[in-house]
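See below for the structure under consideration.
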Amino acid sequence: MTTPLNERRIANAIRVLAMDAVQQANSGHPGAPMGMADIADVVWREFLNHNPSNPQWANRDRFVLSNGHGSMLQYALLHLTGYDLSIEDLKQFRQLHSKTPGHPELGYAPGIETTTGPLGQGIANAVGFALAEKTLAAQFNKADIQVVDHFTYCFLGDGCLMEGISHEVCSLAGTLGLGKLIAYYDDNGISIDGEVEGWFSDDTEQRFRAYGWQVLRVDGHDTDAIRQATVDARAESNKPTIIICKTIIGLGSPNKQGKEDCHGAPLGKDEIVLTREALGWTDQTAFAVPEDVYAAWDAKAKGQSSEAAWNELFTQYQAKYPMEAADLSRRINGELPAEFAAQADAFIAATNAKAETIATRKASQNTLQAFGPLLPELLGGSADLAGSNLTLWKGRERRNTRSYPQDCLVRLGNLSKVLS
């Protein structure tokens with residue numbers, strides 16, 4: 001293991017904040033944040049392209065904590081890197097009406113991309129984010145200007161991989177060649193009920209290779225190895241990557257690390273004292289982080305610079321491709337096309353006037369037929385049943401993803417696409 005002591009000290013800020021917050025709430029999961037702190041250190045301080053001063057910057061990288069029970073990991077990261085999430089907010093962990101409710105919840109803390117809690121949900125959303133990036137890039141990027149260019153990073157655990165939804169979405173991600181999706185699997189071998197080998201014996205490496213992913217293995221506490229694996233993941237443009245990180249749950253706790261004791265319960269006041277000593281964290285004051293550690297984490301200046309560079313690039317794009325720039329801006333702002341409301345109302349009025357008695361799937365197809373040409377951002381699909389569930393409509397561009405594994409997402413122009 002080659003992690004320098006100063007870098008470990010930086011990562012330890014996550015560990016102490018996580019165990020302090022869980023202890024104060026007398027509820028929560030300190031083990032995953034403490035075990036994944038070194039991975040988070042590398043990803044968030046060296047690779048994640050984001051702006052804490054503007055969490056909604058359009059070309060930011062997306063981060064999803066699929067093992068959402070370890071939410072103090074994400075809350076600590078948001079606080080340390082400079083988002084509007086104060087130390088007082090961390091002290092309100094798992095309290096009613098707080099910004100830190102106990103699982104990442106969209107709309108409470110800035111920087112949370114999606115709600116995660118039910119295991120597997122986060123990796124599914126991460127696949128969706130990566131699919132959206134690839135679709136938008138195909139629609140709007142030009143040979144000389146790449147205005148859509150960001151990664152999706154996802155942390156996940158054993159529970160996520162046990163859920164059936166993870167099989168479905170990860171299979172799809174491999175088929176679609178979502179090369180800007182990078183997942184970090186917290187392979188600690190522990191769940192709340194103990195060692196997982198008795199009920200989770202999948203060969204995760206071979207499973208993901210079969211899906212068409214790039215699979216890498218690292219020591220999850222070796223920052224050099226994590227860094228190189230991330231570089232390799234970013235370099236693979238045709239496949240999503242899963243980095244299997246062998247970690248120790250609750251790393252730093254002398255009596256509870258590596259055990260289920262630290263998975264879903266506070267460490268206890270005495271154990272926290274011992275853990276601080278074991279980590280070399282000299283201040284025993286709860287929620288105290290030294291200024292030099294805050295400085296090492298602060299991402300505000302870097303984030304503002306990254307967004308400013310992208311804004312300049314987008315200004316060039318607007319000058320050269322004004323129609324595309326206007327449409328992309330509309331979508332970023334969550335606006336419908338100017339003519340949509342009037343045409344939608346006309347369709348509804350005409351449909352009501354007919355008063356037809358038809359199957360719901362036919363009514364759905366009629367709606368797709370009316371709205372599809374009006375919404376170039378419309379994306380849909382069918383689980384091998386398009387002819388039956390009537391997701392096909394005139395004017396769509398249809399692609400069978402298995403026939404076009406590397407080019408299933410193409411410029412849509414003024415038409416919608418149905419992936420089937």
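- Here CG of N188 is found 4.5 Å from OG1 of T247. Values are rounded to the nearest 0.5 Å.
- Considering every non-hydrogen atom in both L78 and I112, the closest pair reads CD1-CD1, 3.7 Å.
- Note that CD1 of I123 and OG of S66 are 6.0 Å apart. Values are rounded to the nearest 0.5 Å.
- At distances below 3.5 Å, at least one donor-acceptor pair connects side-chain atoms of Q257 with backbone N or O atoms of G252.
- Taking OG1 of T204 as the reference point, atom CD1 of I242 lies at 6.5 Å (rounded to 0.5 Å).
- The stretch residues 99-127 participates, sequence neighbours left out, in no ring pair (Phe, Tyr, Trp, His ring centres under 6.0 Å) pair at all.
- Heavy-atom contacts from other residues, nucleotides or ligands closer than 6.0 Å to CD of Q206 number more than 12.
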- Task: Take C262 and I249 through the test side chain to side chain contact (heavy atoms under 4.5 Å, CB included) and record every step on the way to the result.
- Result: CA-CA 7 Å; C262 65; I249 191 171; 3.9 Å; yes

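- With sequence neighbours excluded, the residues forming a side chain to side chain donor-acceptor pair (under 3.5 Å) with Y211 are H167, R207, listed by chain and number.
- Applying the salt bridge (Lys or Arg N to Asp or Glu O under 4.0 Å) definition to pairs two or more places apart or across chains, none involves residues 251-263.
- When atom types are taken as modelled, the side chain of Q121 and the backbone of T115 share a donor-acceptor pair closer than 3.5 angstrom.
- The shortest side-chain heavy-atom distance between I182 and P240 does not fall under the 4.5 Å cut-off.
- Q214 meets the side chain to side chain donor-acceptor pair (under 3.5 Å) test with T241; sequence neighbours excluded.
- Ring-plane geometry between W44 and F63 is classed as perpendicular, the angle between the planes exceeding 60 degrees on a 0 to 90 degree scale with a lower cut at 30.
- Looking only at side-chain heavy atoms (C-beta outward), C170 and F208 come within less than 4.5 Å of each other.
- Taking 4.5 Å as the limit, some side-chain heavy atom of T223 sits within range of a side-chain heavy atom of D41.
- A donor-acceptor pair is defined here as one N or O able to donate and one able to accept, closer than 3.5 Å; such a pair exists between the side chain of T275 and the backbone of E271.
- No side-chain donor-acceptor contact under 3.5 Å links D193 and S191.
- Put simply, the side chain of Y317 gets close to the backbone of F140: a donor and an acceptor are under 3.5 Å apart.
- By the 4.5 Å heavy-atom criterion applied to side chains, L267 and N255 are not counted as neighbours.
- Each of Q304, K300, E307 was evaluated against S53; a single residue qualifies, Q304, per the side-chain hydrogen bond (donor to acceptor under 3.5 Å, both in side chains) test.
- Here N67 contributes atom CG and L119 contributes atom CG; the two are 8.0 Å apart, rounded to the nearest 0.5 Å.
- Within 6.0 Å of the CG atom in D144, the count of heavy atoms belonging to other residues, nucleotides or ligands exceeds 12.
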Distance-only donor-acceptor hits, side chain of residues 25-34, under 3.5 Å, sequence neighbours excluded:
{"residue": "S27", "atom": "OG", "partner": "R94", "partner atom": "NH1", "Å": "2.8"}
{"residue": "H29", "atom": "ND1", "partner": "H69", "partner atom": "O", "Å": "3.3"}

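- Taken from CZ in F200 to CG in D202, the straight-line distance is 4.5 Å, to the nearest 0.5 Å.
- The side-chain heavy atoms of I226 and H221, taken from C-beta on, include no pair separated by under 4.5 Å.
- I14 is listed as a side-chain neighbour of L80, based on a closest heavy-atom distance under 4.5 Å.
- Counting only residues at least two apart or on different chains, the side-chain hydrogen bond (donor to acceptor under 3.5 Å, both in side chains) pairs with a member in residues 10-22 are N12-R15, R15-D38, D20-R276.
- In this view, F47 satisfies the ring-ring contact (aromatic ring centres under 6.0 Å, His included) rule with no residue, not counting sequence neighbours.
- Distance check: D89 CG to S98 OG gives 7.5 Å after rounding to the nearest 0.5 Å.
- Q146 places a side-chain N or O within donor-acceptor distance of the main-chain N or O of K142, the cut-off being under 3.5 Å.
- Contact between G220 and C245 at its shortest, heavy atoms only, is CA-CB, 3.9 Å.
- Listed by first and then second residue, the salt bridge (Lys or Arg N to Asp or Glu O under 4.0 Å) pairs that reach into residues 161-189 are E133-K180, D149-K180, D187-K246, sequence neighbours excluded.
- Minimum interatomic distance between R330 and P376 (heavy atoms only, all atoms of both residues): NH2-CG, 3.9 Å.
- The backbone N or O of S171 sits less than 3.5 Å from a side-chain atom of T175, completing a donor-acceptor pair.
- The minimum heavy-atom distance between F93 and S71, with the atom names listed, is CE1-OG, 3.5 Å.
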- Kindly determine whether L390 and L368 satisfy side chain to side chain contact (heavy atoms under 4.5 Å, CB included), including the steps that lead there. CA-CA 9 Å; L390 303 183; L368 287 171; over 6 Å; no

- Message: Checking L313 against Q316 for the side chain to side chain contact (heavy atoms under 4.5 Å, CB included) test, could you report, in this order, the C-alpha distance in whole Å, the side-chain angles of both residues, the deciding distance, and whether it holds?
- Response: CA-CA 5 Å; L313 182 71; Q316 298 172 21; 4.2 Å; yes

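- With respect to E113 and R60, a salt bridge is recorded, a charged nitrogen being found less than 4.0 Å from a carboxylate O.
- Shown here are the side chain to side chain donor-acceptor pair (under 3.5 Å) partners of R217, two or more places apart in sequence or in another chain: E205.
- Here the side chains of Q318 and T315 are in contact, with some heavy-atom distance below 4.5 Å.
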What donor-acceptor contacts under 3.5 angstrom involve side-chain atoms of residues 150-162, with partners at least two apart or in another chain?
{"residue": "H150", "atom": "ND1", "partner": "N59", "partner atom": "OD1", "Å": "3.1"}
{"residue": "Y153", "atom": "OH", "partner": "R234", "partner atom": "NH1", "Å": "2.8"}
{"residue": "D158", "atom": "OD1", "partner": "Y185", "partner atom": "OH", "Å": "2.4"}

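- For T367 (side chain) and A363 (main-chain N/O), a donor-acceptor pair under 3.5 Å exists by modelled atom type.
- Contact of the L328 side chain with the F314 side chain is registered, since non-hydrogen atoms from C-beta on lie closer than 4.5 Å.
- Applying the side-chain hydrogen bond (donor to acceptor under 3.5 Å, both in side chains) test to pairs two or more places apart or on separate chains, those with a residue in residues 283-297 are R9-D292, H79-Y294, D283-T285.
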- Task: Start with the C-alpha distance between Q139 and T135, add both sets of side-chain angles, then the distance that settles side chain to side chain contact (heavy atoms under 4.5 Å, CB included), and finish with yes or no.
- Result: CA-CA 6 Å; Q139 291 179 0; T135 303; 3.7 Å; yes

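- Pairs passing the salt bridge (Lys or Arg N to Asp or Glu O under 4.0 Å) check and including a residue from residues 74-88, sequence neighbours excluded, read D84-K99, E88-K91.
- Here the closest non-hydrogen pair linking A265 and V22 is C-CG1, 4.3 Å.
- Counting all heavy atoms, side chain and backbone alike, L73 lies closest to A40 at CD1-CB, 3.9 Å.
- No donor-acceptor distance shorter than 3.5 angstrom exists from the side chain of S388 to the backbone of L385, with no hydrogens or angles considered.
- For R62 (side chain) and F129 (main-chain N/O), no donor-acceptor pair under 3.5 Å exists by modelled atom type.
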